[in-house]
2 protein chains.
Amino acid sequence: MARARETRKKILDVAEEAVLVKGFDATSIDEIVASAEITKSGFFYHFRDKNALARALIERHIEVENQLFDDLFARARDLSDDPLQSVLIGLKLLAELIENMPDGHPGCIVATAAYQDRLFDSDVREVNRRAVLGWRRRFRTMFDAVAGCYPMNDPVDLDHLSDMVSSVIEGGIIMSRAVGEPQITAQQIMLLRSYIKLLFSPAVQ
Amino acid sequence: MARARETRKKILDVAEEAVLVKGFDATSIDEIVASAEITKSGFFYHFRDKNALARALIERHIEVENQLFDDLFARARDLSDDPLQSVLIGLKLLAELIENMPDGHPGCIVATAAYQDRLFDSDVREVNRRAVLGWRRRFRTMFDAVAGCYPMNDPVDLDHLSDMVSSVIEGGIIMSRAVGEPQITAQQIMLLRSYIKLLFSPAVQ
DNA sequence: GCGGTACTGTACTTGCGGTACGGTTCTGGA
DNA sequence: TCCAGAACCGTACCGCAAGTACAGTACCGC
């Protein structure tokens, strides 16, 4: 039981590392079992197929990411009582976090899933969908609080604005990968921060 | 000669359609040759391997996209002499264009390449890189013109701002795919437009 | 020490990318 | 009109990765 959990974790660990570096389909099961020091039979004992691995990988990844967001924006709220300021601080912390990752952001598994649609079954896509909608709700709550204190300098939909956080992060990751400039993602987040600042700041500063 | 070009075009056409729907690796060569009504031998006569197909696909896609951007922003410049206004008009036209596509944006091959890194050789990645850097230069020119007329309400790097256009588009495509809401990409572009408006507008409107 | 959990080992099937190579059809130019 | 080369076709094959099947085995709590 405890042993099974450990093995499963080891599989997910080595798989996650490989997938973030090379992509999902470029990571073979043979390779995973070699790194995890088990056999192919052992792998299929824990996962029905590669789809099940993908699903577990996404679910775990999303959990970790949510925890990270929770901590980060909780800290940001600690640093300021003002909703706008705490959002701005949170985004700044996020940008710094991503910037300080050695080889840039490890990449987001969600995007991989979105772009390799037919590679995964509907179950995987549904997990992915829920995660993104969860982010929308998360940021929507924050922007609602901000909009409660400050008038908007340009009337925009707050759901769309919430989506923009995820959108800019995902887009930034793609850009940094495409041109090989790891700092791009952090830069893009800072631009989003600039937008939010201009959108809600009563006086242009 | 002319026959060869036609066959090659047909291969690229059917491949592009399949790739945009299912992803690159989920599209088999057997499937492509069946749709193009040729044989496997015929396929490999035109392309050394699947990498060569990917490269040709990306190159063609980028050309078409550049042409589209050229036309769109040329039209935007026709509609207003003011650099800021023409950028805002261009983005609005772009958002409308994407919104009016039947099943949302067909998806961007560049992102696929960026996320399936190891699937492609360095040649393909280089083509991809040049395309993204080309977009940076394109939008940088436009923002330089805007910054020449209007002071910025928040001092940001214009290269980063130029990247944000591509970034928001790519991120928007991912988001719309992930949650199955095709209109997201257009919404995100409109938010970018809102940012640029606030960033350069002398008076908050 | 017994039964289930957690695997190992071996052998096999299927599908895809890619190779090899001889044969065939079409086409433009001397 | 004929012929060289370009543009394919047909078939057979290889290697790799996903996945199946199934018998055997080590460990672990009761």
Side-chain angles (χ1 to χ4, degrees), chain A residues 1-19 21-58 109 112-113 116-124, chain B residues 1-19 21-58 109 112-113 115-125:
Chain A
M1 254 213 172
R3 183 163 135 244
R5 247 192 299 118
E6 266 181 50
T7 307
R8 201 185 138 92
K9 187 186 179 305
K10 191 160 191 182
I11 293 173
L12 287 174
D13 285 342
V14 300
E16 179 164 299
E17 201 192 329
V19 167
V21 174
K22 313 191 297 183
F24 185 72
D25 55 278
T27 304
S28 74
I29 294 177
D30 283 326
E31 193 190 330
I32 294 171
V33 303
S35 299
E37 291 171 313
I38 54 167
T39 64
K40 215 173 175 181
S41 308
F43 174 86
F44 283 105
Y45 176 80
H46 288 283
F47 301 98
R48 276 173 63 211
D49 49 25
K50 230 188 166 186
N51 254 309
L53 173 68
R55 194 184 149 185
L57 228 42
I58 292 175
I109 289 183
T112 308
Q116 299 296 309
D117 239 18
R118 298 294 159 105
L119 213 67
F120 304 117
D121 54 27
S122 59
D123 215 17
V124 174
Chain B
M1 255 211 173
R3 181 164 137 242
R5 247 191 297 119
E6 264 181 52
T7 307
R8 200 184 139 92
K9 186 184 181 306
K10 191 160 191 182
I11 294 174
L12 287 174
D13 285 343
V14 300
E16 179 164 299
E17 200 193 330
V19 167
V21 174
K22 315 192 294 184
F24 185 71
D25 55 279
T27 304
S28 72
I29 294 179
D30 283 327
E31 194 189 329
I32 294 171
V33 304
S35 300
E37 293 171 311
I38 54 167
T39 63
K40 217 173 176 181
S41 310
F43 175 86
F44 284 105
Y45 176 80
H46 288 283
F47 301 98
R48 277 173 62 210
D49 49 26
K50 229 188 168 187
N51 255 308
L53 173 68
R55 197 186 147 182
L57 228 43
I58 292 175
I109 289 183
T112 309
Y115 256 97
Q116 298 298 310
D117 238 20
R118 295 296 158 106
L119 213 68
F120 303 117
D121 54 28
S122 58
D123 217 17
V124 175
R125 288 200 294 276

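Within every chain, numbering begins at 1; the chains are lettered A, B, ... in the order of the sequence lines, protein sequences first and strands thereafter. Please read these numbers as outputs of a predicted model, since none were measured by experiment.
Partners of Asp13(B) under the side-chain hydrogen bond (donor to acceptor under 3.5 Å, both in side chains) rule, at least two apart in sequence or in another chain, are Lys9(B), Arg60(B). Glu17(A) pairs by the salt bridge (Lys or Arg N to Asp or Glu O under 4.0 Å) definition with nothing, not counting sequence neighbours.
When the P atom of dG19(D) is taken as reference, atom CD1 of Ile32(A) falls 11 Å away, rounded to whole Å. As rounded to whole Å, 17 Å separates atom P of dG17(C) from atom CZ of Arg48(B). In this structure, Asp30(A) atom CG and dA17(D) atom P are separated by 6 Å, rounded to whole Å. Atom CG of Asp49(B) and atom P of dG17(C) are 11 Å apart (whole Å). Atom CD in Glu6(B) sits roughly 15 Å away from atom P in dC26(C) (whole-Å rounding). A straight line from NZ of Lys50(B) to C1' of dG15(C) spans 12 Å, rounded to a whole angstrom.
Scanning residues 10-17 of chain A for heavy-atom distances under 4.0 Å to DNA chain D yields an empty list. Within a heavy-atom distance below 4.0 Å of DNA chain D, the residues of residues 33-44 of chain A found are Lys40(A), Phe44(A).
Residues in residues 44-54 of chain B take part in no salt bridge (Lys or Arg N to Asp or Glu O under 4.0 Å) pair, two or more places apart or across chains.
Rounded to the nearest 0.5 angstrom, Ile32(B) CD1 and Glu16(B) CD are separated by 11.5 Å.
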Review item, nucleotides 3-6 of chain C N/O atoms under 3.5 Å of protein N/O:
residue: dA6(C); atom: OP1; partner: Met1(A); partner atom: N; Å: 3.1
residue: dA6(C); atom: OP2; partner: Tyr45(A); partner atom: OH; Å: 2.9

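Under the 4.5 Å side-chain criterion, counting only non-hydrogen atoms from C-beta, Leu57(A) is not in contact with Phe47(A). Side-chain contact between Val33(B) and Ile11(B) is absent, with no heavy atoms from C-beta onward closer than 4.5 Å.
Counting any heavy atom pair closer than 4.0 Å across all strands shown, Arg8(B) reaches no nucleic acid atom.
The terminal axes of the helix from dG1(C)-dC30(D) to dA30(C)-dT1(D), fitted over 5 pairs per end, subtend an angle of 10° to the nearest 10°.
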Please tabulate, one pair per line, all N/O donor-acceptor pairs under 3.5 Å involving side-chain atoms of residues 34-46 of chain A, not counting sequence neighbours.
residue: Ser35(A); atom: OG; partner: Glu31(A); partner atom: O; Å: 3.2
residue: Glu37(A); atom: OE1; partner: Lys10(A); partner atom: NZ; Å: 3.3
residue: Thr39(A); atom: OG1; partner: Gly42(A); partner atom: N; Å: 3.3

